[in-house]
Amino acid sequence: MATHDYQIDFPILNPLNNDKPIIYLDTACQSLRPRQVIEAMNRYYTEFPACSGRSNHQLAATVTRLVDEARQQMARFLGASRMEEIIFTRNTTEAINLVANAYDFQPGDTILIGNKEHNSNLIPWQMLVKRRGVQLKILHTLTDGSFDLPGFEQALADGVKLVSFGYTSNLDGVTLPVEQIIKLAHKRGALVMLDAAQAAPQRKINVRALDVDFLTLSGHKILGPSGTGVLYGKYKLLDAMNPFMVGGDTVATSTYETCEFLPVPEKFEAGLQDYAGIIGLGEAARYLQAVGFDAIQKHELLLNKIMTEGTKDLQGLHLIGPADPALRSGIFTFYLDGIDSHRIALMLDQMANICVRSGQHCVHSWFNANGIKGSVRASTYFYNTEEEAELFVENLKKIRKVL
Ligand code: ALA
């Protein structure tokens with residue numbers, strides 16, 4: 001992969017702009033954005049900074065057209081059958097909250113999630129337990145960290161309304177066998193939602209081929225603007241759901257007593273939207289498709305191998321997740337005996353401009369259950385080079401030597 005050619009597109013990586021290059025290994029939190037995305041957003045603010053779907057003047061008509069194009073782009077990106085199945089949200093968190101609050105869950109319904117879920121796929125369900133009397137069940141991974149298919153089948157046999165799993169874990173990078181999961185769940189009449197926030201940046205997703213009922217992603221992890229995201233849902237399901245947030249542009253008309261809601265997707269997109277963000281997100285999807293997911297996966301594996309092999313003899317290093325880097329996508333999460341993870345992250349930053357994330361990565365429940373205080377997560381993408389992965393290893397060794 002010609003990583004250096006891509007780096008030119010990312011302002012903080014472009015060597016022409018920076019004498020002290022940043023080594024950005026925090027893509028699992030937020031990816032960087034190429035200039036094409038930034039320029040698409042700037043065009044909105046400079047050339048047609050108006051509303052979509054409301055006013056009739058020329059600026060508004062341009063925004064309406066570009067928002068429609070972005071929706072079509074995201075529908076193609078996910079393989080949706082129609083663009084109305086794409087709901088723009090602020091992020092994955094909002095998309096999951098939308099389903100949790102708008103789907104007609106009944107007291108006693110069971111929601112099944114995994115034991116490594118991000119807080120965004122845990123807390124909305126905990127709230128439903130309190131507010132609507134649903135039951136929340138947790139499926140634990142097997143001792144080797146792999147998905148417990150027999151345990152899953154057993155849980156389904158007990159009756160489950162919705163299964164909601166992280167497609168790829170933001171903690172250890174492990175991807176679930178989603179095809180099998182969806183088939184088994186549907187056989188037992190359960191709906192499936194996939195949190196694809198970490199999967200969408202590195203694999204081709206086809207919601208129709210998967211037959212998944214709901215799927216969420218965050219724009220900021222796929223080269224898109226902060227504060228953008230998508231909820232995909234099968235049209236029939238979305239159509240039957242009540243809106244979550246209500247207000248302007250969700251209704252066809254209203255009286256003082258009542259209102260008539262617009263169809264999907266408008267009924268789920270209340271108020272003025274982040275038009276620059278939506279247009280930028282469409283551009284991000286276009287850019288990512290041009291890079292290609294096969295190339296991204298191959299490159300992530302190359303870098304993860306360098307980090308895994310380079311640190312395997314480091315005294316007191318504990319890897320979180322499987323030893324084989326091929327099972328961890330672009331994620332390398334670890335802790336070092338005797339050194340606070342935040343201290344490691346600060347030292348990497350100060351010593352070599354290496355940006356990583358430290359702490360519990362919004363998966364507090366897993367860390368608390370396992371009695372682990374925190375960890376350091378280095379996450380790579382196609383814009384990282386082999387030399388950067390080697391520098392990460394080198395600096396980690398230096399830290400181990402001095403502490
Ligand atoms: N989910 C994001 C992360 O893992 C915030 O860093």
Side-chain angles (χ1 to χ4, degrees), residues 22-33 89-100 113-126 141 145 164-176 193-203 205 215-231 277 281 284 288 296 300 303-304 307 319-321 327-335 341-342 344-346 348-349 354-370 372-381 383-384 392:
I22 285 279
I23 300 180
Y24 189 76
L25 301 180
D26 198 15
T27 287
C29 185
Q30 203 165 252
S31 69
L32 302 176
R33 284 67 165 198
T89 63
R90 281 185 304 155
N91 40 45
T92 287
T93 305
E94 186 177 289
I96 296 176
N97 271 278
L98 194 162
V99 174
I113 63 171
N115 66 331
K116 282 188 299 183
E117 301 303 334
H118 188 282
N119 282 328
S120 298
N121 194 27
L122 168 65
I123 316 300
W125 309 119
Q126 289 181 348
T141 45
S164 184
F165 288 141
Y167 191 155
T168 296
S169 163
N170 73 315
L171 172 66
D172 58 16
V174 170
T175 295
L176 296 187
M193 174 152 72
L194 293 177
D195 162 0
Q198 296 295 341
Q202 42 99 6
R203 63 182 53 243
I205 294 174
L215 182 137
T216 65
L217 64 81
S218 288
H220 59 260
K221 292 194 208 284
I222 58 163
L223 312 178
S226 303
T228 60
V230 164
L231 168 68
L281 179 58
L288 205 46
I296 289 176
E300 281 184 344
L303 302 188
N304 211 337
M307 299 200 282
L319 189 67
I320 294 182
L327 301 176
R328 281 184 279 107
S329 56
I331 288 183
F332 179 78
T333 307
F334 67 96
Y335 56 97
S341 59
H342 296 305
I344 299 172
L346 279 173
L348 287 169
D349 194 16
I354 297 175
C355 304
V356 294
R357 186 172 173 192
S358 53
Q360 300 192 335
H361 319 294
C362 307
V363 198
H364 301 82
S365 48
W366 184 89
F367 281 90
N368 289 333
N370 286 278
I372 300 171
K373 248 177 93 187
S375 65
V376 178
R377 184 186 66 192
S379 50
T380 59
Y381 214 17
Y383 42 59
N384 295 117
F392 167 79

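Counting convention: from 1, in listed order, for ligands and their atoms alike. Because the structure is predicted, anything quoted here is derived from the model rather than measured. The figures that follow rest on heavy atoms only: side chains count, while hydrogens, waters and symmetry mates do not.
Residues with a heavy atom under 4.0 Å from ligand 1: Ala28, Cys29, His118, Asn170, Lys221, Arg357, Arg377.
Considering only residues two or more places apart in sequence or on other chains, Thr380 meets the side chain to side chain contact (heavy atoms under 4.5 Å, CB included) condition with Leu25, Glu300, Leu303, Met307, Asn384. Annotation: side-chain hydrogen bond (donor to acceptor under 3.5 Å, both in side chains) contacts of Tyr381 (sequence neighbours excluded): none. Listed by chain and residue number, nothing satisfies the side-chain hydrogen bond (donor to acceptor under 3.5 Å, both in side chains) test with Ser31 (two or more places apart in sequence, or in another chain).
Here the options are Thr228, Thr92, Leu32, Asn91, the test is side-chain contact (heavy atoms from CB on, under 4.5 Å), and the partner is His220; only Asn91 passes. Only one option out of Val363, Thr333, Ile331, Val174 pairs with Ile320 in a side-chain contact (heavy atoms from CB on, under 4.5 Å); it is Thr333.
Side-chain atoms of Arg377 and Ser341 form no donor-acceptor pair, as typed in the model, at a separation below 3.5 Å.
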